[in-house]
Structure formats: C-alpha cells, structure tokens
Amino acid sequence: MTHEEFFNEAEKEARRAMCLRDKCGAIVVRDGVIIGRGSNGPAGNVAQNRKCELDLRDSPKPKSDRTCCVHAEWRAIISAVAYAKDITGSTLYFTRVDLEGNMLKSGQPYCTVCSRLASDNGVAYFALWHDDGIKIYETGEYNELSYNFHI
C-alpha cells in the first residue's frame, strides 16, 4: 500500500470517532501491514463519558490535553501492541476529518503525550499529511517538534 492508501485507512478510523468536536483516526503499520487502528472518543467509547461541551480553549492545560477523549494514536498503539506484541520499527499514520467526513490536512506536531507513548512502544515514525505533502517524522524528531510547539 502507498502512504496515501494508509492515510485513507486512518481517515476511515477518524469517521468512526465518537468525539463531538474533533474526529481523529490513526493506524499503525509495520512491514506494510496495518497492525493497529484507533479513533478518538470518550473513555470506553461510552457516550455518557463525553465532556465535549466543555470549552477548554483557554485552559492552562497543554493543547493535547484539552479533551475528554482517548486519543486515536493511543488506541492505535494499544491495538497494535495487543495484536503484534512488538511494534518496534512501525509507522503511525494520523489524520482528522471534518464533521462531514472529509480528510483535513495536519498541522505541525504538538502532542507530546502521543510522541512519548509512541517512543515508549517502539513506533519509529509518525506520518502526517500537511498542505505541502506527506511528511514522515522520526518519532524522536516528532517529540522534539511537539515540545517546541509549546514553547
């Protein structure tokens, strides 16, 4: 599969997201095979756990923690580890969709909690599709860029 096809798979996951604000999807790929999938949503994907109505835009919390949802990246990594055990060398593809289900281009890396979890589990690369094309980041680089985003 191509990078574009993997992003299409992440887009399908994003359409399944239970979050009422942001629809995010992620997949984990190793050796050309999808080994993990995830979309963002409230804990346990239980609608009663949603706090999407809270406006946390002015919260002192980091941008990545202004949500009630479990991140799509976390779920994809957990899914991959459950399936493959060792996900060393894998690539995580992440995308969002708008409320109509259309894929949105990614902003710059900013989620330090996702980069730390990925690094801790052996994910080697993060893939984002920016306005100027697909960019594959080494996880360490993604982590550094995420911390720099908050400075």
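In this view, R15 and E11 satisfy the salt bridge (Lys or Arg N to Asp or Glu O under 4.0 Å) rule, not counting sequence neighbours. For S115, the side-chain hydrogen bond (donor to acceptor under 3.5 Å, both in side chains) partners at least two apart in sequence or on another chain are N143. Every residue was checked against the side-chain hydrogen bond (donor to acceptor under 3.5 Å, both in side chains) condition with S119, not counting sequence neighbours, and none meets it.
Expressed to the nearest 0.5 Å, how far OH of Y142 lies from OG1 of T112 amounts to 9.5 Å. Atom CD1 of I27 is separated from atom CD of E5 by 10.5 Å, given to the nearest 0.5 angstrom. Annotation: the span from I78 atom CD1 to L117 atom CG amounts to 6.5 Å, rounded to 0.5 Å. Atoms OG and CZ, from S90 and R30 in turn, are 7.5 Å apart once rounded to the nearest 0.5 Å. Between the CD1 atom in I77 and the NE2 atom in H71 there is a gap of 11.0 Å [rounded to 0.5 Å]. Separating the CZ atom in F6 from the OG1 atom in T2 is a distance of 7.5 Å, to the nearest 0.5 Å.
By the 4.5 Å heavy-atom criterion applied to side chains, Q108 and L128 are not counted as neighbours. Annotation: side chain of E9 is not in contact with side chain of V29 (no heavy-atom distance under 4.5 Å).
For E13 and R75, the salt-bridge test fails: no basic side-chain N is under 4.0 Å from an acidic carboxylate O.
Here the side chain of T139 pairs a donor or acceptor atom with the backbone of V123 at under 3.5 angstrom. Panel note: side chain N40, backbone C24; a donor-acceptor pair is recorded below 3.5 Å. Of the possible donor and acceptor atoms, none in the side chain of K12 sits under 3.5 Å from a partner among the backbone N and O of N8. Side chain of N102 to backbone of D98: no donor-acceptor contact under 3.5 angstrom is found.
A single hydrophobic cluster is seen to contain both I134 and I34, as judged by linkage of ILVMFWY side chains at heavy-atom distances under 4.5 Å, directly or through other members. Connection of I136 to I35 is not established within any shared hydrophobic cluster, with ILVMFWY side chains joined at heavy-atom distances below 4.5 Å, either directly or through further cluster members. With hydrophobic clusters built from ILVMFWY side chains whose heavy atoms lie under 4.5 angstrom apart, V81 shares a cluster with V113.
The shortest heavy-atom contact between S79 and G36 is OG-CA, 3.4 Å. The heavy-atom pair separating S146 from C111 by the smallest distance is OG-N, 3.4 Å. Smallest separation of non-hydrogen atoms from M18 and K23: C-NZ, 4.3 Å. Contact between W129 and M103 at its shortest, heavy atoms only, is CE3-SD, 4.0 Å. Taking both residues in full, the closest heavy atoms of A14 and G25 are given as CB-N, 3.4 Å, listed atom of the first, atom of the second, then distance. A pairwise comparison of heavy atoms in D22 and C19 identifies O-CB, 3.0 Å as the closest pair.
Here Y137 and F126 keep their ring centres 6.0 angstrom or further from each other.
Ring geometry for Y93 against F7 counts as perpendicular: the plane angle is over 60°, on a 0 to 90° scale with 30° as the lower cut.
Under the 6.0 Å distance and 45° angle rule, K85 does not count as a cation-pi partner of Y83.
Applying side-chain contact (heavy atoms from CB on, under 4.5 Å) to N121 and the options I87, V28, L92, T88 leaves one that passes, I87.
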